[in-house]
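Okay, so here's the structure we're looking at.
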Protein chains: 2
Amino acid sequence: MINSLTEENYLKALFNIANQSGEVNVAELSKTLDIKMPTVTSMMKKLAKKKLVHYESYKPLRLTEKGRKEAGLIIRKHRLTEMFLVEKMNLGWEDVHDIAEQIEHIQSPVFFEKMDEMLDYPKVDPHGSPIPDSKGKVVWKDYSKLSDCEAGDTVRLSAVIKTTSEFLKLLNGKGMYLGLKIKIKSIEPFDKSIVISYDKRNAEVLSNLVCERLLVEKIV
Amino acid sequence: MINSLTEENYLKALFNIANQSGEVNVAELSKTLDIKMPTVTSMMKKLAKKKLVHYESYKPLRLTEKGRKEAGLIIRKHRLTEMFLVEKMNLGWEDVHDIAEQIEHIQSPVFFEKMDEMLDYPKVDPHGSPIPDSKGKVVWKDYSKLSDCEAGDTVRLSAVIKTTSEFLKLLNGKGMYLGLKIKIKSIEPFDKSIVISYDKRNAEVLSNLVCERLLVEKIV
DNA sequence: AAAATTTGTTAGATTCGTCTAACTTTATAC
DNA sequence: GTATAAAGTTAGACGAATCTAACAAATTTT
Ligand SMILES: [Mn+2]
Ligand SMILES: [Mn+2]
Ligand SMILES: [Mn+2]
Ligand SMILES: [Mn+2]
């Protein structure tokens, strides 16, 4: 019982936008996939029949265990692909998402096993998101948002989220990359913009909008 | 005006099974794609409307110049992918076709340009088939079939055709590969099977069915 | 608590790619 | 040259995935 490319994209979206308790609203899913709500409803009934989604009228959507596993495996292929494209094909982290969005649907265990092996079994993708294991399980480390840190903190940039190509190009322009050590010099109370120093740069300013997309680990 | 995956597969099949004059019968295409004739007819009308195919009732099908170009570009992606999988990912030549069949539909010029570059602009795929250029043009060298050679000939194995996975595994089992120098020792008149020597092997027997799938260049 | 808004469902239509059944045209056999 | 077979087309149906319009339920505002 194989899922269509379309079904795979619904599963993946359900997985990605689930809140802490695993719930997703129809409107949210509709917006994410840019597909009208009635279409989403009918697809949810279909996925419910395939035991991939828990569906009850007017209740929030939830992936079943089976659905969560299948979604995880697609996301695994997506993130392995992104890592492969960056590490083995020298594409920029801002270029790989759209390609991975397509390659994640390739049916070929050996192809992705080979990628995994060539990359030496990576744990995270080029944006710092964890790569689900071969059972579809994934765990996020508990990073903080840079926007939640305080002046004086020293942190390491560990992941970037809500990564559009434009956002990643902004980071490229500022010479920022995963693993970068950052010192927070000050925070502007008015707009929560911050001033940081890193590498040879001494007073770069980041808007709050940027800081909310940067996940960091505090360094002792 | 982008073509669907389905349309791409029709174009590719038309390209691949065209005879010398570029003609293809509906029944042939139907058989190749494993799609019933009425479906093929209606798709041909659709492709004719898109100026990709010349279609007249009861006449053989022919790709237009435009159709031939688009088909060539898909086959280019297919063969580049096969080469990449063999050269850069260490898959066997018997394993790559099914993966390439899917990846050929990926929309991302940069992805395939990168492959091309990493492979140093290869001219042929792992089975010896020529890779169409970036305009979709392709030329076959004029190889002979091994089945058309004579006892005493010395030849180089240059390409393999009608390559199923089983056939390629047979060649693996016999230690045969592209570029191999082969001496024809004798030909059995009854069934046209041949005895050859190559590398350290001194009397391997190949059936006519095998020889018809091996393309060779005669060595002076 | 009534009104207004947002969220979600139902019903019915549309496009794509496929099929089967029935018919027509072309090619082959006798 | 007629009969038979093969190849090709037409007509009508169907499932998948989408949409719009209309309606219903749930939530928020007043
Ligand atoms: Mn991505
Ligand atoms: Mn996708
Ligand atoms: Mn191939
Ligand atoms: Mn294909």
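In what follows, chains are A, B, ... by sequence order, proteins preceding strands, each numbered from 1. Here the structure is a predicted model, which means the values were calculated and not measured.
Salt-bridge annotation for Lys59(A) and Glu23(A): absent, with no side-chain N of the basic residue lying under 4.0 Å from a carboxylate O of the acidic one. By the 4.0 Å N-to-carboxylate-O rule, Glu212(A) lies too far from Lys162(A) to be salt-bridged with it. A salt bridge is absent between Lys218(B) and Glu150(B); no separation between the charged side-chain nitrogens and carboxylate oxygens falls under 4.0 Å.
Atoms NZ and NZ, from Lys69(A) and Lys137(A) in turn, are 10.0 Å apart once rounded to the nearest 0.5 Å. To the nearest 0.5 Å, atom CZ of residue Phe111(B) and atom CG of residue Leu91(A) are 8.5 Å apart. In this structure, OG1 in Thr32(A) is found 11.0 Å from NZ in Lys12(A), a value given to the nearest 0.5 Å.
Taking side-chain N and O atoms only, Tyr55(B) has a distance below 4.0 Å to OP1 or OP2 of dT9(D). Listed pair Lys59(B) / dT25(C) fails the phosphate criterion, with no side-chain N or O lying under 4.0 Å from OP1 or OP2.
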In a table with atom names and distances, give each donor-acceptor pair under 3.5 Å that connects a side chain of residues 72-89 of chain B to protein atoms at least two apart or in another chain.
residue: Arg76(B); atom: NH1; partner: Pro132(B); partner atom: O; Å: 2.9
residue: Arg76(B); atom: NH2; partner: Asp116(B); partner atom: OD2; Å: 3.0
residue: Lys77(B); atom: NZ; partner: Glu104(B); partner atom: O; Å: 3.2
residue: Lys77(B); atom: NZ; partner: Ile106(B); partner atom: O; Å: 2.9
residue: His78(B); atom: ND1; partner: Glu104(B); partner atom: OE1; Å: 2.8
residue: His78(B); atom: NE2; partner: Glu82(B); partner atom: OE2; Å: 2.8
residue: His78(B); atom: NE2; partner: His97(B); partner atom: ND1; Å: 3.2
residue: Arg79(B); atom: NH1; partner: Pro130(B); partner atom: O; Å: 2.7
residue: Thr81(B); atom: OG1; partner: Lys77(B); partner atom: O; Å: 2.7
residue: Glu82(B); atom: OE1; partner: His127(B); partner atom: ND1; Å: 3.1
residue: Glu82(B); atom: OE2; partner: His97(B); partner atom: ND1; Å: 3.3
residue: Lys88(B); atom: NZ; partner: Met118(B); partner atom: O; Å: 3.3

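Remark: C1' of dT9(C) and CG of Asn25(A) are 15 Å apart, rounded to the nearest angstrom. Taking atom CD of Glu56(B) as the reference point, atom P of dT25(C) lies 16 Å away to the nearest angstrom. Rounding to whole angstrom units, CE of residue Met44(A) and P of dT10(C) are separated by 14 Å. Put simply, CG on Leu47(B) is 12 Å from P on dC16(C), counting in whole angstrom units. Atom OH in Tyr58(A) sits about 12 Å away from atom C1' in dT6(C), given to the nearest Å. As rounded to whole Å, 15 Å separates atom C1' of dC16(C) from atom CG of Leu5(A). Glu7(B) has its CD atom 10 Å from the P atom of dT18(C), to the nearest Å. A straight line from CD of Glu23(B) to P of dT26(C) spans 15 Å, rounded to a whole angstrom.
If you check the side chains of Glu188(B) and Ser193(B), you find no donor sitting under 3.5 Å from an acceptor. Donor-acceptor pairing under 3.5 Å is lacking for the side chains of Trp93(B) and Asp125(B).
Within a heavy-atom distance below 4.0 Å of DNA chain D, the residues of residues 34-41 of chain B found are Met37(B), Pro38(B), Thr41(B). Taken residue by residue, residues 10-20 of chain A places no heavy atom nearer than 4.0 Å to DNA chain C.
Within 4.0 Å of Ser42(A), counting heavy atoms only, lies at least one base atom of the nucleic acid. Counting non-hydrogen atoms under 4.0 angstrom, Lys45(B) reaches the backbone sugars and phosphates but no base.
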